[in-house]
Amino acid sequence: MTALSMRPSTLETFGLGTVHEIFKRGTLPVNAEHAVEQVFGKASDRGSLVISGASGIVGAGKTMQLAARLLPFGVPVIALDFPGAPDGIGKHYPGLADSFGPEQASRIMQGIIRLSYDGKHLPPQLAQMKPRFLLEAIPEILEAKKAHYGIFKSAFPEIEIRSVTSGFPSSELGVGIAHPAFPHHINKVWEIAPPKGSDITTLLWSLGMIPIPVGDRWSFVLDVLFCGVTLAALRYHQATGMPYWKIDKCVRKLVGPNPLRAHDAIGAKGADFLTWSCLHHLQKQYGDLFESTADLVERKESGQEWYPPDHFRPLVNWSLAGAEEDEFRVRILGPLLQMTALLLHEERAHLSQLNVIGELCAQFRRGVLAMIRGLGRDESLRIVKAYHALHPQAKGSWHPAAFERIETPAWQQLYVNAEHDGQVGVIAISRESYNGDVDAELSRAIDWLKREKIDRVIVSGDFHLSTQMVGADTSDFFPALGDKEVGSRISSGWSRTARRLHEEFRTSVGFINGKRCLGGMLELLMHCHALVATRGAVVGMPEVTLPVVPGMEGCHWPFRKADPSAWPQIVRMLLTGKTIMAEEAVGWLVDFAGPLEQSLAVAWKIATGGDHGIRLRSVEGRSLKERQKEVADIPPSEDPNIEAGRRAIMNCILESCSVPLAEALAVQARHSSDFMGSAPCRKGRIGQEFGKVMNV
Amino acid sequence: MNVTDMIFPRARIPYGTWGSSYFPAWQSSPLAEVNIGQFAGEAFGRILGLRKVPAEALEYLITASTIPWHWKFWNSPLAASCLGHRIPGYHVEQACATGLQATVLGAAQVESGAHDVVGVLTFDRTSDSPAGIFPERRAYRRTEVISDVWDNFGFDPATGNAMITAAGKVARKYKLDRNEVDDIAYCRYQQYHEAQASGFLQRVLVPLELLDVRGKSMGMIDADVGVGRPTRESLRAMRELDTCVTSGTQTHAADGMAALLVTTPEKARELSARPEIDIRFVAKVEVRTGPSLMPEAPTLAVKKLLERTGISLSDIPILKTHNPFAVNDAVFAQELRHDWQNMNRTGCSLVWGHPQGPTLMRLLIEGVEEAVDRGGGHVLLFGCAAGDVGIAALLSVEEGGKR
């Protein structure tokens, strides 16, 4: 039976099938070796990657990122630029050495061949390197780009070309687009236009990147959202005179990004020019919704930073009270919602992808669609209408009908999808951290599978948008710092969802397929009857380092599943926050850890009731008679907050294990919420982050 | 000149676009720790924001202060940058007359057609007075160090006397009665506290929160810190420092800023939340009196102004004085036969302190607000300034044709 799903998988948007198929086949749709071969040829005839404009911010970042990932496959990376271009590559070396160690970093650098050219003639030695893929990152001048492609096409007619352009559509450029996100050396997201599968898209995915097919329009999803929120901030300044730095902090509080700080951090002149350029193109297409402000026009030339210099750190604070706060909300959210409606109207991307771009690339705390969904259709329309009252020039290009389908699964399952083949369901989570949105969507996914009479399920990342599982989204805890009721509601609510995986399925398998699975995500997956991981994945409970007391039953559930002889390891994990490799946790936390394909096969066998050879552990429902003890070899922390966290976690372990399973959820939730309301938590990382982000 | 003439017929002060910080006494608030020019620029930006005036509306900025501040060389353009709008401008000062003189110069800018919307920003920080080091070849040390605030208060190089000496000298010249001077001071405190309690001052004064370099709050500037509640008895009991001068009958040093706009009639209607209110410049005069007679100079300036305009004091409902000494008001009342209770009804610098640059501007704003409350009329502003100078200016406030 072909798998049914709540909504299409994001992998399907570039032809890689569903997550369910990955488990059913026990293999990924394509492996990196094959994808590299498709683009660069066989190992015996391997061609090269050329990155032109390699000394620029984008070119240099992508040179480092791709060189590191292509090194194992022997693909040379040719960094091409003008002879006088300032070196943008060398400055990445310290970061590279930090990430990979000096030896590997040196090997990566050795794989980068720097060549100069004059813009008209390619260097003669280039032909010997058999260029197969050109990633163009030269300045945003259409004619220059076209001429550049012409030179390469005439020299290497078979070469694949992708532009990193920040604004031109593929139809204008005549080549495909792979538009990356800042910071370029580490951000894995690429917007791909036209939105169809290709060897290049597959290559990027197989190298661990996140390609996102998008409609071939002027400016990309990220640029519309990021330039849009920047413009909204500047318009607020224009309307009220509030200083840029303060607006920036208020924008961060409201939606997450610091758009103006980001421009300064990237380099004000270049970033301002790109934002202006993006808005300039968008204004031509869509009207004055995107009209640049005079200060942006001026600063793209002057390069003056938005934040004041250090010797002029702001003296006079501004506050938003009452009506001012309402107006601020309208002036920031209004254009953002309207621009999102435009993206939806144009069907720019799969909604989950459109939603997640802002989170992965522009620090939005929630994706724009999740935010709109939270506001509700009527409130979203009211906000845009109120914005138009304040700024009537923006009334064009408004597509309110885009919010009509907010109740459909495509909107409702932005982060969690469910698929099944009539026997086994797969729940795929597309968000790296667990939050209220994920929790609600997970519950709906479970409901759907139950309605579909599915009682076997695998819970996993989505092999695409979520490349790791980092735990709970701690920004969801902000309201709990001052309100224990909120903390209790979060902890018990999320725990109840997690328990459904244990209680409502005949078999549930948690699958750890990314680099790491930590904290709340690990607590979620440990509720499954079996936990399978890929070798090399890292697991851990870092809550104590924040500090918080784990809220999703992490203080008793693993003890109830493990032999008492393993309890010291669990206590150590909880009290130190240190991570371990999944294979080190087999038998007491993880049930199987092996190479990817083997782990996929084991997970599928467990889910289908096949012969998997794993002894699954049961959960002790009674109170645990043997008491856990402090582990002697944990050195005391110099941080009194962490010491307080350790004491609270230990108390939670002792109390939640000493009651039956039915009572333990409430005990854990109480400990978790009590600690979140305590001074050590408020002084810790979450409290500090709360102070920095929310107390502005 | 007569009453129907205006010195600057084209210039207007748009109602309600102004604001002043509170004036905390020197060394008593976080204002003592900041670059006052930067503070003033940012505070003006905040005031414009609160008044719903876009900073982009400003075309020119006149800054005015008397005490050197860090990066003073960059004066108005720098303060404009702090305000968030890069416009040209210049800096002026005239000791304690600065706030009024700068406003008049703003009107001149508009009148000349050079600029349609001129910001006038006054400020000073008396706390931690900067010290200037001057080569002085005639001094035995060859170098003189001047603490800008206190050394100047204490020594008028033209006369060799201190300010306080001038107050005592004038008290003797006019044979003032210590009891009456104390009563004037007591009355001024009463007037201030009544205005405070009525909410009047909150329309003029803007609370401002100050941040340290980490962006953490250093506290609110939301009170005229240092203003006491002396009784008649406590005033009478104070030690006389010179004739009729005690610590209760003289002002105190303070820190602060005040700002307003001067513009054309059309722009005033556009920028003001109450466009029906028309605030115009009628006249302005200055006098210089004899050596060390500074407290009588304002009275002489008012006499001259009345003479030149032909207007009678009885036709002026609002009188606001910069009165660093209660002696000033006693001389004025005596010479012009005016009831000293019938002036400074919402407070004055004798009570709320004297940051120098912004002092007369705060008085101006208070005076105009008081006139608006009364349905319009003339506002007479006057005060003394270093060098035995007196300044007086007359504004007219009309509300929808009502004067």
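The chains referred to below are lettered A, B, ... by the order of the sequence lines, with proteins before strands, and numbering in each begins at 1.
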Using a 6.0 Å cut-off, check whether atom [atom1] of [X] has over 12 heavy atoms from anything other than its own residue.
{"X": "B:Arg86", "atom1": "CZ", "answer": "no"}
{"X": "A:Lys253", "atom1": "NZ", "answer": "yes"}
{"X": "B:Trp74", "atom1": "CH2", "answer": "no"}

> Considering only heavy atoms from C-beta outward, does the side chain of A:Pro314 approach that of B:Glu42 to under 4.5 Å?
Replying inline: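 Yes - at least one pair of side-chain heavy atoms lies under 4.5 Å apart.
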>> I want to check something: taking the side chain as every heavy atom from C-beta on, are B:Met218 and A:Asn317 in contact at a cut-off of under 4.5 Å?
In response: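 A side-chain contact is absent here, since even the closest heavy-atom pair is not under 4.5 Å.
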>> Let me confirm one number: the NE2-CG distance from B:His85 to A:Asp295, rounded to the nearest 0.5 Å.
In response: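 These two atoms lie 10.5 Å from each other.
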>> How long is the straight-line distance from OG1 of A:Thr240 back to CG of B:Leu50, given to the nearest 0.5 Å?
In response: 10.0 Å
> Of the backbone (N, CA, C, O) and the side chain (C-beta and beyond), which part of A:Glu324 lies under 4.5 Å from a heavy atom of chain B, both, or neither?
Replying inline: side chain
Part of [X] lying under 4.5 Å from any heavy atom of chain A:
{"X": "B:Glu56", "result": "side chain"}
{"X": "B:Ile221", "result": "neither"}
{"X": "B:Leu31", "result": "neither"}

> Would you say the side-chain atoms of B:Gln38 pair up with the backbone N or O of A:Arg313, donor to acceptor, closer than 3.5 Å?
Replying inline: yes
>> Using side-chain contact (heavy atoms from CB on, under 4.5 Å), reason through B:Leu210 and A:Val316 one step at a time and then give a plain yes or no.
In response: CA-CA 5 Å; B:Leu210 288 192; A:Val316 175; 4.3 Å; yes
> Under a 4.5 Å heavy-atom cutoff, which of B:Leu78, B:Leu83, B:Leu208 has the most pairs with chain A?
Replying inline: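 The option with the most such pairs is B:Leu78.
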>> Using every non-hydrogen atom in the two residues, find where B:Phe39 and A:Leu315 come nearest and quote the distance to one decimal.
In response: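 For B:Phe39 and A:Leu315, the tightest heavy-atom pair comes out as N-CD1, 3.6 Å.
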